[in-house]
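Computation of the quantities below employed the complete heavy-atom set of this structure, encompassing side-chain atoms and omitting hydrogens, waters and symmetry-equivalent molecules.
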Amino acid sequence: MSLETVDHIVDFIFRHTPQHETIDIGFFGGEPLLEFDLIQAIVQRIHRHDAYDASRMLYSLVTNGTIFSETIAAGLRRHRIALGISCDGPAHAQNSSRVFPDGTGSSAIVENTIRQALGHFPFLPVNAVYTPQTVDFLPDIVDYFYGLGVRNIYLNPDISARW
């Protein structure tokens with residue numbers, strides 16, 4: 001997205017959101033951390049807008065957990081962007097549907113990201129999607145996240161699956 005498009009969207013948001021309402025901006029879909037510099041530029045543009053009011057702004061970002069660093073953590077904290085991670089659980093659940101283009105599983109990388117992110121965001125929410133193939137693993141999935149230190153666990157069925 002170009003910064004010109006960002007400016008149009010930000011103007012639209014401030015023009016059409018009633019003054020008493022909170023503005024909640026979420027970055028998700030694909031992998032937003034691939035464009036973290038753009039996300040930071042968007043937040044900076046929002047902060048510079050004439051109608052900006054910090055008390056009514058909320059930001060969140062949901063990542064697949066394959067990209068994370070101390071620099072990203074610092075940027076998220078600096079801009080007050082809440083972080084969430086999508087992870088379907090231990091390797092047998094995560095790697096059943098979340099693999100890299102070469103077919104290798106993402107579980108080890110995502111687990112490392114969760115551990116690292118918890119050091120910066122102790123209330124980190126993790127979203128696990130379960131399928132007909134992984135539904136029987138739900139107790140293991142919850143135990144896995146709890147063992148990592150995650151306390152905000154969201155379990156969601158894959159509504160597009162054949163149940």
Thr22 vs Asp24, side chain to side chain donor-acceptor pair (under 3.5 Å): CA-CA, chis, key distance, verdict: CA-CA 6 Å; Thr22 299; Asp24 189 347; over 6 Å; no
Gln44, CD atom: more than 12 neighbouring heavy atoms under 6.0 Å: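 It does: Gln44 CD has more than 12 such atoms within range.
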Greater than 12 external heavy atoms within 6.0 Å of Tyr146's OH: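 Open: at most 12 neighbouring heavy atoms sit under 6.0 Å from OH of Tyr146.
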Note, [X] side chain near [Y] side chain (heavy atom, < 4.5 Å):
X: Asp140; Y: Tyr144; answer: no
X: Phe14; Y: Ile46; answer: yes
X: Glu35; Y: Phe27; answer: no
X: Gln94; Y: Ser106; answer: yes
X: Ile13; Y: Ile25; answer: yes
X: Asn127; Y: Val62; answer: no
X: Phe100; Y: Thr66; answer: yes
X: Phe68; Y: Asn112; answer: no

Separation between [atom1] of [X] and [atom2] of [Y], rounded to the nearest 0.5 Å:
X: Ile109; Y: Thr104; atom1: CD1; atom2: OG1; result: 7.0 Å
X: Leu155; Y: Ile141; atom1: CG; atom2: CD1; result: 7.0 Å
X: His79; Y: Leu61; atom1: NE2; atom2: CG; result: 12.0 Å
X: Tyr59; Y: Leu76; atom1: OH; atom2: CG; result: 13.0 Å
X: Leu38; Y: Met1; atom1: CG; atom2: CE; result: 7.0 Å

Tell me which donor-acceptor pairs under 3.5 Å the side chains of residues 80-91 have, and how far apart each pair is, sequence neighbours excluded?
unit_1	atom_1	unit_2	atom_2	d
Asp88	OD1	Arg98	NE	3.3
Asp88	OD1	Arg98	NH2	3.3
Asp88	OD1	Val129	N	2.9
Asp88	OD2	Arg98	NE	2.8

Backbone N/O of Phe137 and side chain of Thr134: donor-acceptor pair under 3.5 Å: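 Answer holds: no.
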Any donor-acceptor pair under 3.5 Å from Asn95 side chain to Ser107 backbone: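 Yes, the answer is positive, given that a donor and an acceptor are paired below the 3.5 Å cut-off.
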Selection residues 9-21 - residue pairs positive for side chain to side chain donor-acceptor pair (under 3.5 Å), sequence neighbours left out: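 Found Asp11-His49.
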Stepwise side chain to side chain donor-acceptor pair (under 3.5 Å) test for Thr131 and Gln133: CA-CA 5 Å; Thr131 66; Gln133 294 76 31; 3.2 Å; yes
Do any side-chain atoms of residues 117-124 form donor-acceptor pairs under 3.5 angstrom with protein atoms, and if so which ones, sequence neighbours left out?
unit_1	atom_1	unit_2	atom_2	d
His120	ND1	Arg77	NH1	2.6
His120	NE2	Glu70	OE1	3.0
His120	NE2	Glu70	OE2	3.3

